[in-house]
Amino acid sequence: MDMNQYLSMFIDESNDHLQSLNENMLELEKAPDDIGIVQIIFRSAHTLKGMAATMGFEDLSSLTHQMENVLDLVRNEKLKMQDHIFDTLFKSLDALQMMVQDITQGGDGKADVQSIVASLQAIVRGEAPGGTDNNASAQATGASAAPNTGIQLDEFQYSVLEQSISEGHKVLYIEVAIREDCQLKAARAYLVFDLLERYGEIVKSHPSVQEIEQEKFDRSFSLYYITQKEASELQSMIVNLSEIESAQVMTLDHETLSQLSSGVQEAAAATAEAPAAAVPSSAEDKPAAEPAASKTAASETKGGARANGGAAPSRTIRVDIERLDVLMNLLSELLIDRSRLEQLAYEIKRSDLTETVEHMSRVGSDLQNIVLKLRMVPIDTVFSRFPRMVRDVAKSLDKKIGLVILGAETELDRTVIDEIGDPLVHLLRNAVDHGVEPTAKRIAAGKPETGTVQLRAFHSGNHVFIEIEDDGGGIDRDKILSKALKNGIVTQSDAAGMTDEQVYMLLFAAGFSTADVISDISGRGVGLDVVRSKIESLSGVVSVTSTLGKGTKFSVQLPLTLSIISAMLIKVGSEKYAIPLSSIVETGIIQRKQIRNVHGYTMVPYRDAHIPLLSLANLFEVADFDEDAEEETEIVVIRKGDRLAALTVEDFIGQSEIVIKNLGKYLPPVQGVAGATILGDGQVALIIDPNAFIK
């Protein structure tokens, strides 16, 4: 059977499961005794193992199986989570991530994980990190030498089934038989489990999950199942799967559940009295007629089965990113043609043509909104990887740090999402390393020993703001200035008149750092020049505020999308330009006599202050427009962070939705030009990048 057709699905779902494993492991680290979280982790690991085995990635499946053995002890309360167990499981997740990445790049997913496997096996054997036996774990080891020995429902599982019946869910006992000539029994069993998990929760299976995956079963298996589906409907779906011979589905009530499990409970008492070493053989000897005496296939959190028993089918589909890009490009061409038609309708002045074009414009606007929403992705896709990173960095620095994430549901265009991850990694690592003080220093300052880093995202107008704030020691203004003077970044005269915000922005100078000791994590300045460059390339702005002794906040302002924007079209001579509305504060008219020269800079009064005045005609060398001959001049006031400037123009054309087109690789980068757009009359207009004009 050719598995290549399922490879992309396997990669996507594996990454989802690995992300879930990381997130839930972090939650478990905060609450090590929460068995409910362990159940969720076990289920993700189990599903990942089954998928890998079906696809033939044996190394990935084997490592996940070793993790599962450890988790099985924990969820059955035979092993307590400890720091070295967490560290080993996190190393396992990193190795799994590398294997999936290798598969993504066309590899076979093989990796040298012998040391990790040995550590996991040592945990199962009850050995402490130093190699000595751990008494508490040693007792667990005897019971888990074959983790599938228990063939009875435990008290919790039985109560889940009973309560599910009481709350109106359907509890089913299912027996499935696979055709005798089937060559891949384990794969067919996996398809059955996968189908059932879409519509409810599997509580226990017999034979055990491991035995089924290793094809250590004849042709049939049975299980307990909680759902909202009708028994007949499920039976039909199972039988319709390839190479399934038959499926018997029986709905249970309190009485039949009690009858099925009563004989098994007696066997459980006998098993509990027998030596642990004698237990493994019992799993093989029990007949399939005792369904309740099987191993958990996909146990859930306490009450989770009841909450999810009637889970609705997913209403989402995966769409390849390239298809969305093609759709966006087609929409861009449509918008250009729409603008052209609007221009022609205005010139021809035929009522029927005008009405048709107006209707097409409304439909086009709705289509544009839908396509833009399709490209919008929750920023959680980026934020979700940071808790693990912060945990690892804090541990390496021997700091206690809590990461608080707010606004993860905030949406951004996919192109922005793809690019913003690395800058945020730099800012977060700097907050953990250089922002939050060491534990001893925090205690001496009267602060909680656990530092806090907040990662926030929120919408404001046509922008998304991302803030990273720590409650650390803040930024020492004098230290930054002295370092900047020493490195020749500013002069003594410049330093004297700088505000706090201007001083903090010196952190973004190339190569600037306040770190006393260079480490692999770095000081607050290392890499920040790259951060600013990347953010500004996304038409964004980064700013810093800080209070010495209390903490620092980095704020990143980004546009919602980089593909279609609202812009003000302006004219200078024979040239037309577009200025993004997101950068415009207001427009106005000034008299030439209002213009002042201050210390060699051209300035203009604006709301009780003076701001720089820049001439677009001079900046872009427009030959057919003489600005000095004008008695009054139109201006556009633009903003970059807290700083303002004014651009002189000849005339305003109006506001329009424009499609951003790249200038292409054959043209060198032009300062102040972010791209181009095609107007309704077919002309090309350059899109101005206001950030380039405000220093």
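Interatomic distance, Gln163 CD to His169 NE2, rounded to the nearest 0.5 Å: 9.0 Å. Distance CD/Gln454 to CZ/Arg456: 4.5 Å, rounded to 0.5 Å. With values rounded to the nearest 0.5 angstrom, Glu13 atom CD is found 11.5 Å from Ser44 atom OG. For the atom pair CE of Met51 and CD1 of Ile11, the computed distance is 10.0 Å after rounding to the nearest 0.5 Å. The line from CZ of Phe86 to CE of Met25 is 5.5 Å long, rounded to the nearest 0.5 Å. Atom-to-atom distance recorded for Leu120:CG and Arg125:CZ is 10.5 Å, nearest 0.5 angstrom.
Across all their heavy atoms, His254 and Glu162 have their closest contact at CE1-O, 3.3 Å. When every heavy atom of Ile85 is checked against every heavy atom of Lys80, the shortest pair comes out as CD1-O, 3.4 Å. Between Val113 and Ala95, the shortest heavy-atom contact is CG1-CB, 3.9 Å. The two residues Gly109 and Asp59 come nearest to each other via the heavy atoms O-CB, 4.0 Å. Of all heavy-atom pairs between Ile379 and Gly407, the closest is CG2-O, 3.9 Å. The shortest non-hydrogen separation linking Ile212 to Ala189 is CG2-CB, 3.5 Å.
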For Met99 and Leu63: C-alpha separation, side-chain torsions, deciding distance, then whether side-chain contact (heavy atoms from CB on, under 4.5 Å) applies. CA-CA 10 Å; Met99 290 178 179; Leu63 178 56; 4.1 Å; yes
Report the C-alpha separation of Thr47 and Glu197 in whole Å, then their side-chain angles, then the decisive distance to 0.1 Å, and conclude whether the side-chain contact (heavy atoms from CB on, under 4.5 Å) test is met. CA-CA 10 Å; Thr47 305; Glu197 286 174 350; 4.3 Å; yes
Evaluate the side-chain contact (heavy atoms from CB on, under 4.5 Å) criterion for residues Arg429 and Met389: first the C-alpha distance (whole Å), next the side-chain angles of each, then the deciding distance (0.1 Å), finally the verdict. CA-CA 8 Å; Arg429 288 172 72 89; Met389 184 200 78; 3.9 Å; yes
Chi angles and distances behind the side-chain contact (heavy atoms from CB on, under 4.5 Å) call for Ile41, Met67: CA-CA 10 Å; Ile41 295 171; Met67 290 177 60; 5.9 Å; no
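When each of Asp102, Val100, Asp108 is paired with Leu60, the side chain to side chain contact (heavy atoms under 4.5 Å, CB included) condition holds for Val100 and for no other.
Between the Asp72 side chain and the Glu68 main chain, no donor and acceptor come within less than 3.5 Å of each other. Between the side chain of Tyr225 and the backbone N or O of Gly200 there is at least one donor-acceptor pair closer than 3.5 Å. His17 places no side-chain N or O within 3.5 Å of a backbone atom of His46 that could act as its donor or acceptor partner. Checking side-chain atoms of Gln235 against main-chain N and O of Ala247 turns up a donor-acceptor pair under 3.5 Å. Under the 3.5 Å distance criterion, the side-chain polar atoms of Ser20 are left unmatched by any main-chain donor or acceptor of Asp16. Looking at Asp471, its side chain does come within 3.5 Å of a backbone N or O of Thr452 through a donor-acceptor pair. The main-chain N or O of Tyr199 is found under 3.5 Å from a side-chain atom of Thr227 such that the two form a donor-acceptor pair. Within the 3.5 Å criterion, the main-chain N or O of Leu161 finds no donor-acceptor partner in the side chain of Tyr224. A donor-acceptor contact shorter than 3.5 Å links the side chain of Lys399 to the backbone of Val436. At distances below 3.5 Å, not a single donor-acceptor pair connects side-chain atoms of Lys229 with backbone N or O atoms of Leu196.
Side-chain contact between Leu96 and Leu18: present, with at least one pair of heavy atoms (C-beta onward) separated by less than 4.5 Å. Side-chain contact between Lys400 and Arg442 is absent, with no heavy-atom pair separated by less than 4.5 Å. When side chains are defined from C-beta on, Leu79 counts as touching Ile123, because their heavy atoms get closer than 4.5 Å. Looking only at side-chain heavy atoms (C-beta outward), Leu455 and Val390 stay at 4.5 Å or farther from each other. With a 4.5 Å cut-off on side-chain heavy atoms, Asn22 and Phe90 count as touching. At a threshold of 4.5 Å between non-hydrogen side-chain atoms, the residues Asp94 and Arg388 count as touching. Inter-residue side-chain proximity for Leu241 and Arg188 is flagged as unmet; no heavy-atom pair is nearer than 4.5 Å. Annotation: side chain of Leu172 is not in contact with side chain of Leu252 (no heavy-atom distance under 4.5 Å).
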Distance-only check: which donor-acceptor pairs under 3.5 Å involve side-chain atoms of residues 417-424, not counting sequence neighbours?
unit_1 : atom_1 : unit_2 : atom_2 : d
Asp418 : OD2    : Arg414 : NH1    : 2.5
Glu419 : OE1    : Lys534 : NZ     : 2.8

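Looking at Asp398 and Lys395, no side-chain N of the basic residue comes within less than 4.0 Å of a carboxylate O on the acidic one, giving no salt bridge. Ion pairing between Glu469 and Lys553 fails under the 4.0 Å rule for side-chain N and carboxylate O. Asp87 has no carboxylate O lying under 4.0 Å from a charged side-chain N of Lys91, or vice versa, which leaves the two without a salt bridge.
A donor atom on one side chain and an acceptor atom on the other are found under 3.5 Å apart for Gln19 and Glu23.
With sequence neighbours excluded, the residues satisfying ring pair (Phe, Tyr, Trp, His ring centres under 6.0 Å) with Phe10 are Phe57.
The aromatic rings of Phe217 and Phe221 lie perpendicular to each other, with more than 60° between the two planes, well past the 30° mark.
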